[in-house]
Amino acid sequence: MEASELREQPAVVGASAELADIDPTAIAARSPWRLFWRRFREDKLAMASLIFLVVLILVAIFAPLVVKIFGAPGPNELDGGALDPLFKNPTGPSAEHIFGVDQIGRDVFSRTIYGARVSLIVAFAATALATLAGIVTGLLAGYLRGWVDTAISRSVDVLLAIPYLLLATGLAVACGGEGGCLGGLIQPGLGVVIFVISFTSWTYMARIVRGQTLSLREKEFVEAARSVGASNTRIIFKEILPNLAAPIIVYASILIPQVILYEAALSFLGVGVTDQPSWGQMISDATPIYTTAWWYMLFPGLALLFTVLAFNLVGDAMQDALNPRAKKT
Amino acid sequence: MLRYIIRRTLWSVAMLVLCSAVVFAIFYILPTADPAKLRAGRAADPEKIETIRKSLGLDDPKYQQFLRYIGGVFTPYKNEAKGVDGPLDFGTSIFQNNKPVREIILDRLPATVFLVTGAVVIWLAIAIPVGIISAVKRRSLLDRTTMITSLAFISAPVFWLGLVALYLFANDVGKLNDVPPFGIDLAIFPGIGSYNDAETFGSRAESLILPWLVLAAATAAIYARYLRSQLIDVMSEDYIRTARAKGLSEQRVIWRHGVRSAITPIITLLGLDIGVLLAGNAILTESVFNIPGIGKETVTAIGDSDLPLIQGIVLFGAFFIVIFNLIVDILYAYLDPRVRYQ
Amino acid sequence: MRLKWVRLLVPVGALLALALGLSSCGDDNGGGESPATTSVPKEFAPVTAAPDDAKTGGELKVLSAGDIDYMDPGGAYYTFTYQVTEAAHRTLLGWAPADVEKPTPDLAEAEPEISDDGRTMEFTIRDGVRFSPPVDREVTAADVKYAIERANLSGVANPYGQLYFSDIVGYDAARKAAADNPTGGAPVISGITTPDDKTLRIELNKPKVAIAQVIAQALSLPISAPVPEEYAKEFDAKNPSTYGQYVAFTGPYMVQNDCVDESGKVVNEDCSGELTGYTPGKEIKLVRNPNWDGEATGDFRPAYLDSIDIQEGFTDTASASRKILNGEDQVAGDFPPPKAVLQEAAQEGEPGQLQLPELPGYRHISMRTDKPPFDDINVRKAVIANSDREALRDTRGGPLIGSVATHYISPGFPGFEEAGGYEGPNLDFIADPNGDPELAAEYMKKAGFKSGKCEGSECEVSMVGDNIPPGKDTAEVFKSQLEDLGFKVDFRPVDHAIMYTKFCSVPAQEPDICPNVGVAPDFRDSQVLLAPSFSAESINPQNNTNWPMLDVPEVNKAIEKARLIGDPEERAKAWAEVDRLVSAQAPAVPWVWEYFPIIQSTDVAGVVNLYNASWDLAFTSLK
């Protein structure tokens, strides 16, 4: 993904209307979740996507069962017979292998199913970490202001100055050597990928949380709490954080599909997950033979497309549902 | 205005130093492995590793190493004795026979610039009309279809799009070379690696058509959606209603007031995106189509585990973005006075 | 060229082979031959001589994925680099395309004279061989002496000098002196002397004819390419040496420098010798060496082409291969065509476009014999018995990519037949190329695993292999086979070079299994196939090639004995005996003796050099 919706908001007046529109307190006043859900439900496409995602998560969790139901072999089982005897080229979709096999005879359907695991694990773990880091830093920066804010905001600026794909690949290579990174805490493989993606994505969430916190702390109920003598911690946890829940969820849900594409990109470049089937890596493996073995490239790609699309649709609908004013559709 | 420029420039310089610090931290401090070993290249025996350790001064305390690193990067002159190759010494590549990283980058920059420029033109050419029309004809079938399609383009991994495009349209392997019912040949675009073969500007441009389209696809989609939502917002503002009430034609209202307002954030976005792409984010497209740009060079460096080269490219990317953003911001401040007082 | 498959078999694409007799696709194998052993069908037999009516002139383009390792002949070791050095330098001995039993005298007038007691050997340098501009002068024996001496400098980074030349008097002392003072010039090796301008005399520590013969063969490597001391001194005073940017050439071709133009004519009298034709990672431009006179100096190379343009960076070997097959004036340099394209080449290519020379050497999967669980010979035998070596071979492309290896002396090398030939030694665990799970279970039981499969914490083994096909595929297939036997394999795929330099060749970091190692012999003596890989003496804390860490006194003694035998027949028998002893120790799984697919455009009359199974640029011409 060369450009993304994760861009930092331009430091100019007239920044994204979407951001400014989400007014958490507007929701806080009326039973928020029911309203949200009702609006969300109206978007039929989003509902369908949600169902698709639930199914996908279940499939990922119960991958071995799913594979068995469809009668496919395991993702690492080699079927030499599925390679043509003359050139040992992989064969395409057939009765035994509904998505065909890869270059050493592994079933593509099976690997596509299992590949969902990596994508979803990384998606949720990296998003969770990035969100956590973003919330902490954003809250501190927005609430405490002063030098804390300057320090954090400037750090965010600096990190955002480095093109994230280059930063990610650089990090992955640096941590891919023996021993990993941080004294062995981060090992090559899934660990490095989650770390790298979180490290380059937390800034997005931090900016948003900071912005929200800045506007929230000026609200009356915060002043009220302060006048009653509530400590900063209490205010943060009891007043501000709950009101951040909605935008955080929305932006996290926007982040997830980006993270999935991000992990696929890293795997494609060879610095992602290597010991388990991963969609990005399958496409990378397919690159030398895609002209004849199209199935190996097509199915993981479609899996990525539909998964990310579904997350995007859900994210979009969430945004709209949380935004009572200018409905964009 | 001048004060703004000075402030911004000072901050940019500070950013450059900070970015260098981050890059330094990533490549020298973060890895657990011995930094000398990581830089010793192939078949390094203990003697060679020690030589590297001494020549890079890896035994010195970290802050000293950092100062030396910064000194090297920002030096405007050559200093053979200190092993500095200015101006702007980004280090030397281990696998390319100690060629200076700066040279390697300058070598590869033209291809990336060509790729990005073409893509920018295409995505603007697509996104602006689509965004405007979709906003104007809101909720129409056209609007809905374009929005879903653009979402699909955003959701597809760009490297996959590239492969699919090649599979269908490349003139050496494309399968759409005999489309029924008339047998039209759609596989007419030069395939992978054709940029390297191309000798004239024209044939180079031709070889970049598919890459341009692929690179532009997702961004065009994003910009179209963004412009659309911006325009919808703007159109509901009061002054638009006033304009309409004043009797201006709808077209004029849209163009003179609506678009002009909605387009400003797009321009900033554009500045950012161009900077980021030029700095090396086009790595996936370059990799799939085998275009000898900075991104492709990074891929090669990854394969070689050429740490100094990767480090140099990352640092260059950061520098490029910082400077580019500085220019864009100053330009913007010139155009929009409100900015300067932030 | 040991080890350095690195640039030879490069990213992207699985190696592929061809059908048995493509004209009869789908038929069963031509009766009698098991699919394990194959021979190359006539259509793809390598052409090792130029046509009688070979035309002179034109420019050949060589497409390659990676770069050479060093332009400096003192450091050059990659097989791909050899394609350049064999065309641009005259080493004491060289390799004629078809004649690979032993090297052909090149800079030397004839094979060296070895004294009866084996203590001295003498080379006579030919008259009239001159260096390229700007050095220009005639080559003397002192230039070869200097070339060998400078290889000791750490700035030249020669990786094989110690392996072959430590028996030369004064060699070790010189090496140590070089290590102590890296920028003090190349220390003199007292055992190498030049009684006159044309005579090179080498004295040995060990009075053995056999050792002298090995050294003679080793001097066919680029290390013996003459280097003019007065010219190279200033470059060699730096660490690393910068001679690689100023190399002086003696062969029919030279890398273009600032003295000559594209046609090899001197255009600049006032030049420094800096190479303008070498852009690392991008291009090497070879032009005619104006000071070369092949006729007058008895060079066996005809040198038809006017210039050769090596273009690097074609990491997408599929499209590069197609370019070559469908284009003009091109050949492949360091990569084989990947599967899909190989099929096209075989089925749609013109005769001669695809050739399958034998690749000397073997590939094997090594197990660490010095650590559990593979320190138990029964476990190793079980692993070998269990492995389906045909499936392993198939990851590189199937039946015609080569034969399943059964031992370590490869076809065509002395002692091959005595060691068992294609059938292999009479050992039960290596008898079945498809694997014998029952036998494997029996061996596991002998090792104490009652169930016939591995149990317990010992069974967690580590493996480091290639991260791209076909190496990665081979590793994955082997991993799967090991898991069938109850092992839990932790597989880390890394870059091929890293796999060697940071893991497999460094005993302190070596994993239990190295699946992507192999031996590419430096010359045609079975010593190079066996000693570096299985002798305890070869074990090295860096650049180790005895990956199994084998240290068996019986084997070590047999290797020492075989090293010293001079008579060719006796020597062959002795090395065959070593092979049998090694095989009986089951230190590794040998799995393929390969044919290496190389391709050319239709208008190229390529000649294959069987020494390294690649196109010989000094014999190739355009039609």
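Here is the naming used below: chain letters follow the sequence lines, and residue numbers restart at 1 for every chain.
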### Message
Rounded at 0.5 Å granularity, tell me how far OG1 in Thr298(B) sits from CG in Leu269(A).
### Response
9.0 Å
### Message
At a 4.5 Å cut-off on heavy atoms, which part of Val23(B) comes close to chain A: side chain, backbone, both, or neither?
### Response
side chain
#### Entry: Partners passing ring pair (Phe, Tyr, Trp, His ring centres under 6.0 Å) against Phe24(B) (at least two apart in sequence or in another chain)
Tyr28(B), Phe66(B), Tyr69(B)
#### Entry: Nearest heavy atoms of Ala161(A) and Val322(B), plus distance in Å
CB-CG2, 3.8 Å
### Message
Looking at every heavy atom in both Leu261(A) and Ile154(B), which two are closest together, and how far apart are they?
### Response
CD1-O, 3.5 Å
#### Entry: Phe153(B) atom CZ: more than 12 heavy-atom contacts under 6.0 Å
no
#### Entry: Minimal non-hydrogen separation, Ile310(B) against Gly170(A), with atom names
CG2-CA, 3.8 Å
### Summary
Cut-off 4.5 Å, heavy atoms of chain A, and the answer for Leu151(B) is both
### Query
Relative to each other, are the rings of Phe268(A) and Phe159(B) parallel, tilted or perpendicular (30° and 60° limits)?
parallel
### Task
First locate atom CD1 of Ile162(A), then atom SG of Cys19(B), and finally report the distance between them rounded to the nearest 0.5 Å.
5.0 Å
#### Entry: Close side-chain approach of Asp316(A) and Arg225(B), heavy atoms under 4.5 Å
yes
### Query
Side chains of Leu284(B) and Leu165(A): closer than 4.5 Å at any heavy-atom pair?
yes
### Summary
Separation between OH (Tyr167(B)) and CE (Met297(A)), nearest 0.5 Å, reads 7.0 Å
### Task
Count the heavy-atom pairs under 4.5 Å between each of Val288(B), Leu163(B), Val299(B) and chain A, then report the option with the highest count.
Leu163(B)
### Query
Within a strict 4.5 Å, meaning less than it, do heavy atoms of the Trp160(B) and Leu304(A) side chains meet?
no
### Summary
d(Met147(B) CE, Leu313(A) CG) to nearest 0.5 Å is 12.5 Å
### Query
Rounded to the nearest 0.5 Å, how far does CD1 of Ile283(B) lie from CG of Leu166(A)?
6.0 Å
### Query
Pairs in or reaching into residues 160-169 of chain A: which pass salt bridge (charged side-chain N to carboxylate O under 4.0 Å, His left out), with residues at least two apart or in two chains?
none
### Task
For each of Leu167(A), Leu45(A), Leu302(A), Ile260(A), tally heavy-atom pairs with chain B at distances under 4.5 Å, and name the one with the top tally.
Leu302(A)
### Task
First locate atom OG of Ser155(B), then atom CG of Leu305(A), and finally report the distance between them rounded to the nearest 0.5 Å.
6.0 Å
